Peer 1: 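Take this structure, written in structure tokens, and hold onto it; I'll ask about it next.
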Amino acid sequence: MFYDTRDNSRTLPHDPFKAIVAPRPIGWITSISAKGDINLAPYSYFNGVLSRPNLVMFSSEGFKDSVRNVRETEEFVCNLASWDLRDAMNATSAPLPYGVNEMVRAGLDPAPSKLVKPPRVAAAPCALECRLTDIVQLKDIDGKALDGHVVFGRVIGVYIDDRYIRDGRVDTAAMKPVARCGYLDEYSVVTELFRMTRPTA
Ligand SMILES: Cc1cc2nc3c(=O)[nH]c(=O)nc-3n(C[C@H](O)[C@H](O)[C@H](O)COP(=O)(O)O)c2cc1C
């Protein structure tokens with residue numbers, strides 16, 4: 001079959017995009033407003049985009065509170081959403097009024113970050129402390145501005161729970177990161193890894 005995204009007479013009942021661009025890591029973003037209000041929300045349009053230096057991005061469909069806070073205070077933290085924290089992570093996606101702290105609502109304790117003001121989620125296995133580098137408003141193919149806003153940040157500090165460090169390496173599978181898949185409610189969880197060596201010339 002072929003699904004033409006420009007066609008109104010859809011050949012599938014739901015857009016397959018998110019089921020194909022999957023699994024997507026979840027940036028569970030803590031941010032803080034200029035007034036000092038803390039905010040926490042999951043973003044699965046999230047990824048690392050550069051290694052030297054470490055840069056990450058998350059993309060907001062609409063100008064959501066996390067983007068507003070990062071624009072104001074230029075810092076954020078990407079907490080790792082693990083299997084154990086999946087319900088709490090989901091709870092923090094509730095559309096609460098601006099200034100209401102989703103951490104409290106989800107029963108999560110904050111822990112102070114080392115280098116930035118927004119706290120990390122204390123129970124998260126790891127967290128990336130970031131400083132804003134850029135906010136880009138997305139455009140369509142005709143150049144028309146879209147209500148999509150991508151926040152880029154440089155990772156300046158990395159918290160890792162010592163329980164997940166083995167022989168100097170982070171044991172990703174032991175942290176059981178959850179990732180977003182398709183439609184409204186599909187997720188996956190990483191519980192095992194395999195290794196492949198990259199070819200040389
Ligand atoms: C697993 C998950 C992933 C999500 N990913 C995104 C995303 O990439 N972009 C987005 O705009 N909203 C995403 N959402 C919805 C936001 O979390 C939700 O709109 C939230 O209220 C935004 O919070 P904020 O306004 O406090 O930033 C996601 C929700 C869940 C549960």
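These numbers come from the heavy atoms of this one structure, side chains and all, not from hydrogens, waters or symmetry mates. Just follow the structure's listing: the first ligand is 1, and inside any ligand the first atom is 1. The model shown is predicted, which means the values in this text are computed figures rather than measured ones.
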Peer 1: I'd like to know if the side chain of T30 and the backbone of P119 have a donor-acceptor N/O pair within less than 3.5 Å.
Peer 2: yes
Peer 1: Kindly give the heavy-atom pair with the smallest separation between A174 and R166, and that separation in Å.
Peer 2: CB-NH2, 3.6 Å
Peer 1: With respect to F58, which candidate in F76, W28, F46 satisfies the ring pair (Phe, Tyr, Trp, His ring centres under 6.0 Å) definition?
Peer 2: F76
Peer 1: Work out which heavy atom in T11 is nearest to a heavy atom in F2; give both atom names and the distance.
Peer 2: OG1-O, 3.2 Å
Peer 1: Is there a donor-acceptor pair closer than 3.5 Å between any side-chain N or O of D140 and the backbone N or O of D142?
Peer 2: no
Peer 1: Are side-chain heavy atoms of C130 and R154 found at a separation under 4.5 Å?
Peer 2: no
Peer 1: If the criterion is any heavy atom closer than 4.0 Å to an atom of ligand 1, which residues make the list?
Peer 2: I26, N39, A41, P42, Y43, S44, Y45, S59, S60, E61, K64, D65, S66, M89, N90, S93, A94, P95, E102, R180, Y187
